[in-house]
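Heads up: the structure comes next, in structure tokens.
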Amino acid sequence: MSYVEVAVDAPVGPGRTFSYSIPQHMSLEPGQLVWVPFGRRILQGVVMNLAEVAQVEVTRDVLQPVEPSPVLSSAHLRLSQWLSRYYLCSLFSAVGLMLPPGFEARVRSRITSLGKPDDDSALRPETQEALKQLDGKAFLNEAEFVKLLGRPGERELARLVEKGYVNRRVDLPRPSVSPKYRCFLAPAPASSAEEEEGLPSRQRALLTAIRSSGEAYSASSANKVFGHGVARALVDRGIVAMDWVREETTPYVTSSKPGPEHQGSPLTLTTGQAGALDQIQGVLNDPLATPRSFLLHGVTGSGKTEVYLRAIQTVVDRGDQAIFLVPEISLTPQTLERVNQRFPGRVAVLHSGLTQRQKFDRWWEIRDGAYDVVVGPRSSLFAPLPRLGLIVIDEEHEWTYKQEESHPLYHARSAALELSRLTGAVVLMGSATPDVETYQHTRRGGHRLLELPRRIPHPDRHPDRQENLGQTQYQEMAQVEICDMRRELREGNRSIFSVKLAGYIEDCLRQNQQTILFLNRRGSTLIVQCRDCGYVATCSRCSVSLTYHSSDSRLVCHRCNRRGRMPR
């Protein structure tokens with residue numbers, strides 16, 4: 001292949017790539033990060049695919065790779081293309097979700113002076129002032145110099161470079177966080193006895209030490225014992241070969257102690273849990289089964305987490321891996337504890353609370369297959385698991401699965417379903433109050449519906465714990481009653497409490513029990529109501545009751561913010 005299609009780090013249209021030539025000395029693969037020229041700038045890009053024919057007649061060469069090996073798999077490349085088209089973002093911004101932390105970087109250009117022009121009367125006053133400030137310094141950053149030039153700064157800079165007034169020097173930065181490599185020395189297989197004749201004493205001693213070593217010989221040890229340059233001389237002669245190995249970092253510390261589930265007899269599933277798990281395992285074991293997504297609709301305390309863990313166990317036992325998504329970072333520690341008790345030492349966590357180095361190290365360890373399960377919020381969906389078999393989305397209805405703070409904007413649930421289509425992994429979504437869109441899609445056959453309508457008692461520890469299937473006594477669900485306060489008013493009750501609520505509170509107090517009253521409101525009064533006829537002031541736009549705010553004695557609609565005066 002002579003050309004590559006590159007997604008560049010620039011604000012371009014969705015799914016757009018640019019053609020570049022591959023230099024003769026360079027070998028590139030899809031998923032590799034590269035530096036490419038783009039107009040007058042040098043930008044970072046990712047190789048999307050190789051091509052025999054370019055999109056344009058004249059192409060420019062790729063400058064150099066950022067990392068020698070691909071950092072993205074083919075599935076993630078295809079997922080980024082889908083994200084770009086579906087959410088109308090540039091291809092590189094979609095790819096950025098999946099890059100190793102700290103790999104995105106921008107070129108910093110330096111402007112240096114080449115001497116004062118012989119005749120600067122033809123230059124603009126702003127340009128003369130910018131050159132004067134540049135003369136007194138070793139260099140200025142390009143952005144700073146362009147700002148001094150005023151508008152149009154970039155065109156003026158290009159003219160100054162063309163006329164030889166200034167020089168632009170471009171430095172290709174290294175990633176802010178990068179892998180650590182160690183160099184090892186080994187005898188070259190093609191070396192001959194003739195090449196080894198006449199070697200200096202230190203080179204011969206190093207060669208003997210390398211051959212007598214039972215394991216790989218560290219280049220740093222060679223430099224320390226035999227001096228700098230000795231190993232390089234043997235490499236240049238072709239007698240010794242260098243092998244670069246990425247250095248392993250300290251793994252994320254998780255408990256290696258098995259959880260209570262593994263101490264004694266395993267938990268016995270209820271009939272509902274066992275039925276749900278059988279259906280999930282049936283799809284996991286059948287790669288042709290469709291659809292490959294489930295909605296586990298279970299009330300709080302019905303044992304959804306135990307079903308998640310059993311499904312993950314099925315995947316891990318056959319050599320695959322799983323992602324466990326939680327809606328927010330605050331839930332990650334407790335979920336991590338549950339999952340790590342079941343899979344001690346095989347769980348990685350990814351979230352924004354980790355340092356850049358910790359996230360970077362976890363990313364590479366996950367990519368190398370060091371963990372079976374990844375736990376974290378929405379960004380964990382893009383972890384580079386090589387053998388993905390299951391994606392669990394706990395509390396799938398939560399709004400926090402939407403990326404709303406920065407581009408690209410996406411919904412982790414939709415992205416997970418697309419990743420499932422690309423990889424064949426199963427998606428297991430769970431919720432006590434499913435999203436309306438998800439539930440409707442399930443009713444139409446887009447997802448398989450699993451239901452756990454009954455709550456399991458939790459006498460001591462976990463809400464999902466039950467000891468014996470035959471003796472399971474399901475816990476009674478909370479009863480909800482709605483009282484019509486208009487009827488209460490007509491019957492003579494002018495209190496803010498209904499007769500039933502007041503009676504229930506009195507019963508609790510007589511039994512020395514406690515009561516919680518939830519008031520979820522803004523303003524002084526939720527409604528303004530006529531005591532005689534029951535009329536409630538409502539918004540003429542939204543048909544919702546207006547809230548009274550005593551601070552300015554106004555009625556406010558909390559849906560459209562329409563305001564009005566308090567009626568007399």
Side-chain angles (χ1 to χ4, degrees), residues 260 267-273 296-307 327-328 330-331 334 338 394-395 397-398 430-436 439 451-538 543-551 555-556 558-559 566:
L267 301 180
T268 304
L269 300 180
T270 64
T271 304
Q273 287 175 311
L296 182 58
H297 182 198
V299 298
T300 303
S302 60
K304 295 190 297 294
T305 303
E306 183 62 28
V307 176
E328 27 182 311
S330 59
L331 297 176
Q334 63 191 57
R338 292 288 305 275
D394 192 23
E395 306 296 344
H397 64 277
E398 287 287 351
S431 175
T433 55
D435 186 88
V436 174
Y439 197 77
E451 294 192 282
L452 297 176
R454 307 176 77 179
R455 181 173 295 167
I456 302 169
H458 45 95
D460 295 317
R461 294 161 294 199
H462 302 296
D464 299 329
R465 181 62 52 82
Q466 66 276 0
E467 299 301 334
N468 190 291
L469 179 61
Q471 299 175 359
T472 297
Q473 298 294 323
Y474 290 102
Q475 187 174 343
E476 186 178 346
M477 299 294 293
Q479 301 299 311
V480 178
E481 294 184 42
I482 299 176
C483 296
D484 188 345
M485 295 305 292
R486 293 173 297 181
R487 178 182 296 177
E488 297 270 343
L489 184 62
R490 287 194 295 268
E491 294 174 354
N493 178 21
R494 306 182 73 85
S495 168
I496 62 172
F497 297 132
S498 67
V499 173
K500 281 191 173 182
L501 177 58
Y504 289 145
I505 294 176
E506 289 174 356
D507 289 343
C508 284
L509 295 177
R510 278 196 299 268
Q511 298 174 30
N512 199 26
Q513 295 177 339
Q514 296 168 307
T515 300
I516 295 177
L517 297 178
F518 284 107
L519 285 178
N520 181 22
R521 74 179 191 189
R522 291 171 289 172
S524 304
T525 306
L526 291 176
I527 59 173
V528 174
Q529 184 181 37
C530 175
R531 290 291 192 181
D532 293 329
C533 66
Y535 165 79
V536 175
T538 59
S543 299
V544 298
S545 60
L546 297 172
T547 302
Y548 174 65
H549 288 252
S550 60
S551 57
L555 294 178
V556 181
H558 285 162
R559 180 169 293 178
M566 181 74 172

Next on the checklist: If I take atom CD from residue Glu395 and atom CD from residue Glu328, how far apart are they, to the nearest 0.5 angstrom?
Outcome noted: 9.5 Å
Checklist entry - Can you tell me how far OG1 of Thr547 sits from CZ of Arg559, rounded to the nearest 0.5 angstrom? => result 11.5 Å
Checklist outcome for this item: residues 494-503 vs side chain to side chain donor-acceptor pair (under 3.5 Å), sequence neighbours excluded, gives Glu481-Lys500
Checklist entry - Does any N or O in the side chain of Lys304 come within less than 3.5 Å of the main-chain N or O of Gly298, such that one atom is a donor and the other an acceptor? => result yes
Item to check | Under the salt bridge (charged side-chain N to carboxylate O under 4.0 Å, His left out) test, residues paired with Asp484 that sit two or more places apart | outcome: Arg486
Next on the checklist: Can you tell me how far apart CZ (Arg487) and CG (Asn493) are? Round to the nearest 0.5 Å.
Outcome noted: 13.0 Å
Next on the checklist: According to ring pair (Phe, Tyr, Trp, His ring centres under 6.0 Å), who are the partners of His297, at least two apart in sequence or on a separate chain?
Outcome noted: Tyr439
Item to check | Side-chain heavy atoms of Gln513 within contact of Thr515, under 4.5 Å | outcome: no
Next on the checklist: If we ignore hydrogens and angles and just use 3.5 Å, is the side chain of Arg455 paired with the main-chain N or O of Glu476 as donor and acceptor?
Outcome noted: no
Next on the checklist: Contact between Val299 and Arg454 at the side-chain level, heavy atoms closer than 4.5 Å - yes or no?
Outcome noted: no
Item to check | salt bridge (charged side-chain N to carboxylate O under 4.0 Å, His left out) involving Asp394 - partner list, sequence neighbours excluded | outcome: none
Checklist outcome for this item: So the salt bridge (charged side-chain N to carboxylate O under 4.0 Å, His left out) pairs with at least one residue in residues 505-515 (sequence neighbours excluded) are Asp507-Arg510
Checklist outcome for this item: When every non-hydrogen atom of Tyr548 is compared with those of Val528, the smallest separation belongs to CB-CG2, 3.9 Å
Checklist entry - How long is the span from the CG atom in Leu517 to the CG atom in Leu501, to the nearest 0.5 Å? => result 6.0 Å
Checklist outcome for this item: In terms of heavy-atom contacts, Leu489 and Cys530 come closest through CD2-O, 4.1 Å
Checklist entry - Taking all non-hydrogen atoms of both residues, which atom of Thr538 and which atom of Ser543 are closest, and how far apart? => result CB-C, 4.5 Å
Item to check | Rounded distance (nearest 0.5 Å) linking atom CG of Leu452 with atom CD of Glu306 | outcome: 11.5 Å
Checklist entry - Hey, does the side chain of Gln273 reach the backbone of Val307 with a donor-acceptor pair shorter than 3.5 angstrom? => result no
Checklist outcome for this item: Taken in chain and number order and not counting sequence neighbours, the residues that satisfy salt bridge (charged side-chain N to carboxylate O under 4.0 Å, His left out) with Arg490 are none
